[in-house]
Asks: 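Would you mind keeping the following structure in view while I ask a few things?
Atoms considered below: every heavy atom in the structure, side chains included; atoms not considered: hydrogens, waters and symmetry mates. In the text below, chain A, chain B and the rest are named by the order of the sequence lines, each starting its count at 1.
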There are 2 protein chains.
Amino acid sequence: MSNKTKKFILPEEEIPHYWYNIQADMVNKPLPLLHPGTKQPMKAEDLYPIFAEELSKQELNQTDAWIEIPEEVRELYKNYRSTPLVRAYGLEKALGTPAHIYFKNESVSPVGSHKLNSALAQAYYCKKEGVTNITTETGAGQWGAALSYAAKAFGLELAVYMVKISYEQKPYRRSIMQTFGAQVTASPSMSTRAGKDILTKYPNHPGSLGTAISEAIELATTTPNCKYVLGSVLNQVSLHQTVIGLEAEKQMQMAGEYPDIVIGCFGGGSNFGGISFPFMRHNILDGKKTRFIAAEPASCPKLTRGKFQYDFGDESGYTPLLPMFTLGHNFTPANIHAGGLRYHGAGTIVSQLMKDGLMEAIDLKQLDTFNAGVVFAQAEGIIPAPESCHAIAAAIIEANKCKETGEEKVILFNLSGHGLIDMSSYDKYFSGDLVNYTLTDEAIAENLEKIGSLA
Amino acid sequence: MSNKTKKFILPEEEIPHYWYNIQADMVNKPLPLLHPGTKQPMKAEDLYPIFAEELSKQELNQTDAWIEIPEEVRELYKNYRSTPLVRAYGLEKALGTPAHIYFKNESVSPVGSHKLNSALAQAYYCKKEGVTNITTETGAGQWGAALSYAAKAFGLELAVYMVKISYEQKPYRRSIMQTFGAQVTASPSMSTRAGKDILTKYPNHPGSLGTAISEAIELATTTPNCKYVLGSVLNQVSLHQTVIGLEAEKQMQMAGEYPDIVIGCFGGGSNFGGISFPFMRHNILDGKKTRFIAAEPASCPKLTRGKFQYDFGDESGYTPLLPMFTLGHNFTPANIHAGGLRYHGAGTIVSQLMKDGLMEAIDLKQLDTFNAGVVFAQAEGIIPAPESCHAIAAAIIEANKCKETGEEKVILFNLSGHGLIDMSSYDKYFSGDLVNYTLTDEAIAENLEKIGSLA
């Protein structure tokens, strides 16, 4: 492999100046968000009580393909971006595949994941509009850690509701948030009505992103000058995350290749959308035929086995009704270690793209994902986050297909974060204490029947 | 700060092709290593039972200023190097200093610290010479984690003796080593004579680098085809680490500046030597006047308050006698959280440079270093390793002096690693459970008297 370039990095001036809004280029736009009471489409101003105004506008913007990255945000991007695009020669060799495997290494962000890309943007807009306090949920803690630093960078107070199972499994992520000055509460908590309702019914509830979102929204709507911010699912989040794919596009050009397959792990869609949408643009506009694969856990398979319908984004029904692939907002995912993927629904953009056949999805068993993570770690030296292990597992499946067919396909996946804070999960994997959870069709149907038609 | 470059990265072809051996340029060479029995100077072949041959030669090489980096090692460097040189605008602003502060960010290495630079080199030479098994010690686990990946990359079996206090404080680092396939034992252990001797005398011994080194050397010398490798102290290690300073030199040129002060934290000297020696070369050869500051813990102050004499590198006296600043090889450092700095002596090169006034040292209290780490984290978004907090604390002291005098000095420090695996230490700092340990002059004198003159 001598003298081959392994790592592609952009000069600072090439860090994108615009995010890409795929909604503008979609032939079938996402269906509107609906007000849960009136069932009428929501306008941006209907979202102002929860979100900053500019973020509310971005959420519903279906016309502008390019949205300028504010200079203050881009300055902070420069601290860690561009992230490297890496040719995974080590992994290719370990697999014996003719495929060319690339990964975009978002784990080099100072907080260890891609989440900072949207955290900085959201904190910036809140600050600009005079907000003093923000609140959010976090699953594995990647988003919470990113937002804690972003809040500190823009001088905002932050309260984080952290899914209880992760709060217990990942105490280091809690410490990281506290080091940046955030206040962290395990969710469900007794500090909100939503939390109390759940805890009194289910005292040992392990928490879920859906529940933590309810708590954060409740805090935001009952606290003066406080806004809610979210790390995934929303259109605004995948918009900010397109900085990943836009960089990767230029970096693939430096490598002289174009991806046949683009893969991201899938929780709510932020990192998948981030890496995919800029390339999908060329499928929509330029007739490219790249395949896009969302890699989700078999325990939480909304894209592969959920239903497309209107549903709430949170457990308690505080959000607008969202047109999404869902397992039902009252669904409590199994306690898998990829805490960031434990969410019942998919964002509205991805849901529409999935419906229209512009992308595909695969569901993966927990043990297979950890196995893939260890193969990758030993080949490339980077221990991946359990979430990212899903993308790696899907990439390995595709690379092994190439081994059978002899095809030199170009596979690009997003390494959304490192797993250095997740070592207790690896410990459990090595000691045989992890199991697979697969949701049965009956359980899915039963759960969806329970929530019925909401719109 | 708009439009200013923050982060300087070298193109792959600019990653150094040679390490810099400062011994060749030193006017007063380090005194020879002595055989503990005969008290005669050691030759390279005397070291072959312990070290790989090429590494033994590097250890004693006082003539070649430049040593070529093997292509196989340089290829693996390309996975994560060059590491960024970052202008710390955030920290400058937080301090209100006119100083220009730069840091070399070794924390972006896949294992989180600079240790990989020497781990890859040592594993490569062992493999090349037909060695199958290697063994080492590790303090905080940064070196062990790096060597575990390096051993896997070159197909070597690895046994690590991890200082017991760190084994307990930092279980995630142990898991990282295991993920890369290494066997990890808490030291002192009952698996070696050296370990047994200590444990039978002091059953609750927390371990030290000196003890773990004894155990690893014993394993290497009693196991066929097994070599010992070391993460610090040795000349060969600071040689490999000069890749840090050589890159920084080019990157400072990109920034259009030259450092007035270069700072590294100090355990055995690997990261301090790595960042310093390439710049010190210009003090020796070109009349530059840069100051070099080694930042060590007040609990383990060998450079500031130890004695220059011949001493063993390990607890049990298995190593050659080394001419070093030392607190005595039988000294057990306090249980500070900067586990990588808990070592009784300084490498022979640094000891000679210190004696000749080519560098200086400062000792810092534990709480002051964590305070500096939090200031840095909140300003720059990166949580530093407790070891690196010492370099940051020293940089802040110098930056504050500039604030008083108004001088725009250029300060460069090495961020040797991130602290994401050290969050339990930060937790203890925040909860007030950490204390300062300062060694008294009496304790130092008493300890040195105990060991007496060895050469």
Side-chain angles (χ1 to χ4, degrees), chain A residues 1-7 9 11-13 71-72 74-76 78-82 84 86 89-90 105 107-112 116 145-146 149-150 152-153 171-176 178-181 373-374 377-383 418-427 429-430, chain B residues 1-7 9 11-13 71-72 74-76 78-82 84 86 89-90 105 107-112 116 145-146 149-150 152-153 171-176 178-181 373-374 377-383 418-427 429-430:
Chain A
M1 67 179 79
S2 190
N3 294 323
K4 288 188 197 161
T5 305
K6 291 187 150 179
K7 206 159 42 62
I9 305 230
E12 278 187 6
E13 62 272 19
E71 196 51 37
E72 291 85 343
R74 200 172 168 277
E75 277 301 313
L76 288 164
K78 282 160 69 176
N79 284 347
Y80 64 102
R81 307 205 68 86
S82 70
V86 185
Y89 286 111
N105 187 2
S107 80
V108 302
S109 131
V111 292
L116 197 51
Y149 167 56
K152 177 57 72 179
Y172 283 17
R173 283 246 169 70
R174 172 183 50 70
S175 309
I176 292 169
Q178 290 167 338
T179 301
F180 289 127
V374 173
Q378 297 194 349
E380 295 289 334
I382 303 170
I383 298 181
H418 65 63
L420 296 178
I421 316 291
D422 305 281
M423 293 316 300
S424 62
S425 304
Y426 278 89
D427 273 356
Y429 170 67
F430 286 124
Chain B
M1 68 180 79
S2 189
N3 294 321
K4 288 187 196 160
T5 306
K6 291 186 150 180
K7 206 160 43 56
I9 305 226
E12 277 186 8
E13 63 272 20
E71 196 50 38
E72 292 84 342
R74 198 170 170 277
E75 277 301 313
L76 289 164
K78 282 161 69 176
N79 284 349
Y80 64 101
R81 308 205 66 86
S82 69
V86 185
Y89 286 112
N105 187 2
S107 80
V108 302
S109 131
V111 293
L116 197 53
Y149 167 57
K152 176 58 71 179
Y172 283 17
R173 283 247 169 71
R174 172 183 49 70
S175 309
I176 291 169
Q178 290 166 339
T179 301
F180 289 126
V374 173
Q378 297 195 349
E380 294 290 334
I382 304 169
I383 298 180
H418 65 63
L420 296 178
I421 315 292
D422 306 281
M423 294 315 301
S424 63
S425 304
Y426 278 89
D427 273 356
Y429 170 67
F430 286 124

Asks: Nearest 0.5 angstrom please: A:Tyr89 OH to B:Asn79 CG, how far?
Replies: 10.5 Å
Asks: Heavy-atom pairs under 4.5 Å with chain B are the metric here; pick the option from A:Val374, A:Val108, A:Ile383 that has the most.
Replies: A:Ile383
Asks: Check each atom of B:Ala377 against the heavy atoms of chain A and say whether the ones under 4.5 Å are side chain, backbone, both or neither.
Replies: both
Asks: Which answer fits A:Ala146, side chain, backbone, both or neither, if we ask what part of it has an atom under 4.5 Å from a heavy atom of chain B?
Replies: neither
Asks: What part of A:Lys7 gets closer than 4.5 Å to chain B, counting heavy atoms only: side chain, backbone, both or neither?
Replies: both
Asks: Output the option from A:Gly181, A:Ala153, A:Gly112, A:Pro110 having the highest count of non-hydrogen pairs under 4.5 Å with chain B.
Replies: A:Pro110
Asks: Is it the side chain or the backbone of A:Ser82 that comes within 4.5 Å of chain B heavy atoms, both, or neither?
Replies: backbone
Asks: Below 4.5 Å from any heavy atom of chain B, which atoms of A:Phe430 appear? Answer side chain, backbone, both or neither.
Replies: side chain
Asks: Rounded at 0.5 Å granularity, tell me how far OG in B:Ser425 sits from OH in A:Tyr172.
Replies: 7.5 Å
Asks: Within the distance-only criterion (no hydrogens, no angle test), does the side chain of A:Glu12 pair as donor or acceptor with the backbone N or O of B:Lys6 below 3.5 angstrom?
Replies: yes
Asks: With a 4.5 angstrom heavy-atom cut-off, could you sort out which part of A:Tyr429 is near chain B: side chain, backbone, both or neither?
Replies: neither
Asks: Could you tell me whether a side-chain N or O of B:Lys78 sits under 3.5 Å from a main-chain N or O of A:Lys4, the two making a donor and an acceptor?
Replies: yes
Asks: In Å, rounded to the nearest 0.5 Å, how long is the span from CD1 of B:Ile9 to CD1 of A:Ile9?
Replies: 4.5 Å
Asks: Determine, step by step, whether A:Leu76 and A:Tyr149 satisfy the side chain to side chain contact (heavy atoms under 4.5 Å, CB included) criterion, reporting the C-alpha distance in whole Å, the side-chain angles of both residues, the deciding distance to 0.1 Å, and the verdict.
Replies: CA-CA 11 Å; A:Leu76 288 164; A:Tyr149 167 56; 4.0 Å; yes
Asks: I need the residue from B:Asn105, B:Asp422, B:Ile176, B:Ile382 with the largest number of non-hydrogen atom pairs under 4.5 Å to chain A.
Replies: B:Ile176
Asks: Any idea which of A:Arg173, A:His418, A:Arg81, A:Glu72 has the most non-hydrogen atom pairs under 4.5 angstrom with chain B?
Replies: A:Arg81
Asks: Could you tell me which portion of A:Arg174 (side chain, backbone, both or neither) has an atom closer than 4.5 angstrom to a non-hydrogen atom of chain B?
Replies: side chain
Asks: What part of A:Asp427 gets within 4.5 angstrom of chain B, counting heavy atoms only: side chain, backbone, both, or neither?
Replies: side chain
Asks: Can you say whether A:Tyr426 sits under 4.5 Å from chain B via the side chain, the backbone, both, or neither, judging by heavy atoms?
Replies: side chain
